[in-house]
Amino acid sequence: MTCERLREDPPLPIGSSLAALAATVGAQYRDVAVTITGVSDDSRSVEPGDLYIALPGDNVHGLDFEADAVARGAAAVLSDRPSTLLPTIIVEDPRRWAGPVSSEIYGMPSTALEVFGVTGTNGKTSTTYLLDAALTAAGETVGTITGISISGPAGSSPALRTTPEAAPLQKALASFRDTGATVAAMEVSSHAVTHRRVDGTRFAAMGFTNLARDHLDFHGSMDVYFAAKAALFTPERTALAAIGIDDDYGRLLVATTQVPSWTWSTVDPTADIFGDGIDCGDSGTTFTARTPMGSYDVRLPLLGPHQVRNALAAMTLLAATGRDLGAAVTGFESVAGVPGRLERIDAGQTFLALVDYMHNTAGQRQLLPYLRTLTAGRLIVVVGATGDRDPGKRFPLGRTAAALADVVIVSDESPCSEDPADIRAAVAAGAFAARQAKVVVEPDRRTAFDLAVGLAEPGDVVVVTGRGCDPVQLYGSDVRTFDDRTELRSALRDRI
Ligand SMILES: CC(=O)N[C@H]1[C@@H](OP(=O)(O)OP(=O)(O)OC[C@H]2O[C@@H](n3ccc(=O)[nH]c3=O)[C@H](O)[C@@H]2O)O[C@H](CO)[C@@H](O)[C@@H]1O[C@H](C)C(=O)N[C@@H](C)C(=O)N[C@H](CCC(=O)O)C(=O)O
Ligand SMILES: Nc1ncnc2c1ncn2[C@@H]1O[C@H](COP(=O)(O)OP(=O)(O)OP(=O)(O)O)[C@@H](O)[C@H]1O
């Protein structure tokens, strides 16, 4: 394991003005007499008065859609080549400028808010939910940005991505600020770092949950993946850090970051915040958080040992920024659940049925042994893999599921542009290779649920994994409505 530096220019300072932009990067204005009132980096979301940031993509170029942007009222363009229709600021790398320019146009919202970032392979959404609950319990007005939704005082909208692109991110932060929020909690994916989506955002504190194999289709290697995460833990990005040291990458991060850091752990009592006496039941979890401010008995209405780690990550972020952990503990008790994360589906059945967004072996290794403790009977798992993502994950996903469960049903998730049979074959090969569980392959996801539910006996545990609360399956360009929670409930009702 090495600590690579991200081989890219550092983020530009917040407050780099549009006027300074030209001088700094030698940009050319084709015209100047325009008033900009907002920013968009997608023609389909342009509003009147916006600067349209036309990005060169892997598939198309934003300028391919300039007519659409003009029709929606774009006032000017920032791109790497001239627009034929609008005044253009030309820069070599528009992504490098998208964050700082968007931040400036919206009045540098991350300097008006206290922004908490949460990064890591697993646990970002859950930790952000826990932060929200804790801050709200302390009387603070919070905006949150997760892979599920963007939610602030003015309302909530479904998220398109874990971390929005730079322009919609700055717009969301500005909306939080303008509607009375004083603090924001957001997930920061490694894709967001590499695509410079969080350039232009100043964080009050950045939390690290863990790092495990994932997203190698995008990053290529674990070293590059870690470097993307580590690039968030620099003084230019964040004032403080809260780092989980239960894994090697967390320990490496603490050893190498220049940012003042607090640590948390469930195994190392020398961490600043230590989770002790963990008890995971089938309706909630308790533990004691030992902190420099005293010990706190925590009751989480969430299932699984991983949620202790996520709660510790949230508490450490709060402690680092000087907050009262008593209020945090009260807030945690009010968390009704995190959608699609070990979410119980109850339809009067005699066994436990759950939906969980586990989509890597690190998640399986945390959660499946815990689910095993909840049953004297059988653990039945529906597993698959998503298309257009690291194919190297598929065999291990099948093998780990079959090593830890009694019955494994391999089914489709979202094949995207790939042949679903290829994905199923790789997952099933892993499951058969484990030579442990009974393995069934059923392409149709709803039929797979019917099978799982039909096999379950009183006291068993059924968990359908991989999609969480995603509302659709993608088969090529065919978008099929399919929410695991709705379909599992329906399968349970049909059986009863
Ligand atoms: C690898 C990656 O992140 N790619 C993102 C990137 O794609 P790209 O550069 O190839 O863009 P493109 O599709 O060629 O389009 C070029 C430009 O034309 C614009 N456009 C395109 C069509 C149109 O009608 N109008 C228009 O303006 C696009 O907005 C874009 O700015 O820019 C696109 C537009 O901003 C994103 O949609 C796309 O994310 C794709 C959908 C994606 O799946 N990203 C995933 C991998 C991702 O980011 N995941 C992480 C979560 C990871 C985790 O689970 O932890 C995330 O933060 O969500
Ligand atoms: N601390 C953790 N350690 C290991 N696995 C976890 C942890 N927290 C969550 N998980 C697993 O990861 C899944 C996703 O959880 P969550 O949405 O909180 O993480 P995330 O980082 O936001 O994921 P993603 O970026 O893929 O949306 C959960 O359903 C669970 O299976």
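One-based numbering, in listed order, for ligands and for the atoms of each.
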Legend entry - Polar proximity ligand 2 side, Gly123 side, N/O cut 3.5 Å exclusive: yes

Inset, instruction - State the atoms of ligand 2, each with its element, that fall below the 4.0 Å cut-off from a heavy-atom position in Asn210. - result: 1 (N), 2 (C), 3 (N)

Legend entry - Subset of ligand 2 atoms that lie under 4.0 Å from at least one heavy atom of Ser126: 16 (P), 18 (O)

Legend entry - For atom 17 (O) of ligand 2, closest protein heavy-atom neighbour: Arg341 NE, 2.7 Å

Inset, instruction - Only counting residues at least two apart or in another chain, list the ones meeting ring pair (Phe, Tyr, Trp, His ring centres under 6.0 Å) with His359. - result: Tyr357

Inset, instruction - Identify, by atom number and element, the atoms of ligand 2 in contact range of Asp356, meaning under 4.0 Å from any of its heavy atoms. - result: 28 (C), 29 (O), 30 (C), 31 (O)

Inset, instruction - Check each atom of ligand 2 against the heavy atoms of Thr121 and keep those under 4.0 Å away; list them by number with element. - result: 21 (O)

Legend entry - Within the 4.0 Å heavy-atom sphere of ligand 1, strictly under, residues: Asp41, Asp42, Ser43, Arg44, Tyr52, Leu55, Gly57, Asp58, Asn59, Val60, Gly62, Phe65, Arg95, Lys124, Arg161, Thr162, Thr163, Glu165, Ser189, His191, His195, Arg197, His215, Phe218, Arg389

Inset, instruction - Identify, by atom number and element, the atoms of ligand 2 in contact range of Met358, meaning under 4.0 Å from any of its heavy atoms. - result: 29 (O), 31 (O)

Inset, instruction - Pick whichever of Arg309, Lys124, Glu187 has a heavy atom sitting closest to atom 21 (O) of ligand 2. - result: Lys124

Inset, instruction - Name the orientation class of the two ring planes belonging to Phe226 and Tyr249 (parallel below 30°, tilted from 30 to 60°, perpendicular beyond 60°). - result: tilted

Legend entry - Distance filter under 4.0 Å to His359 heavy atoms, resulting ligand 2 atoms: 26 (O)

Inset, instruction - Check ligand 2 against Gly363 and write out every atom of the ligand that is under 4.0 Å from a heavy-atom position of the residue. - result: 5 (N)

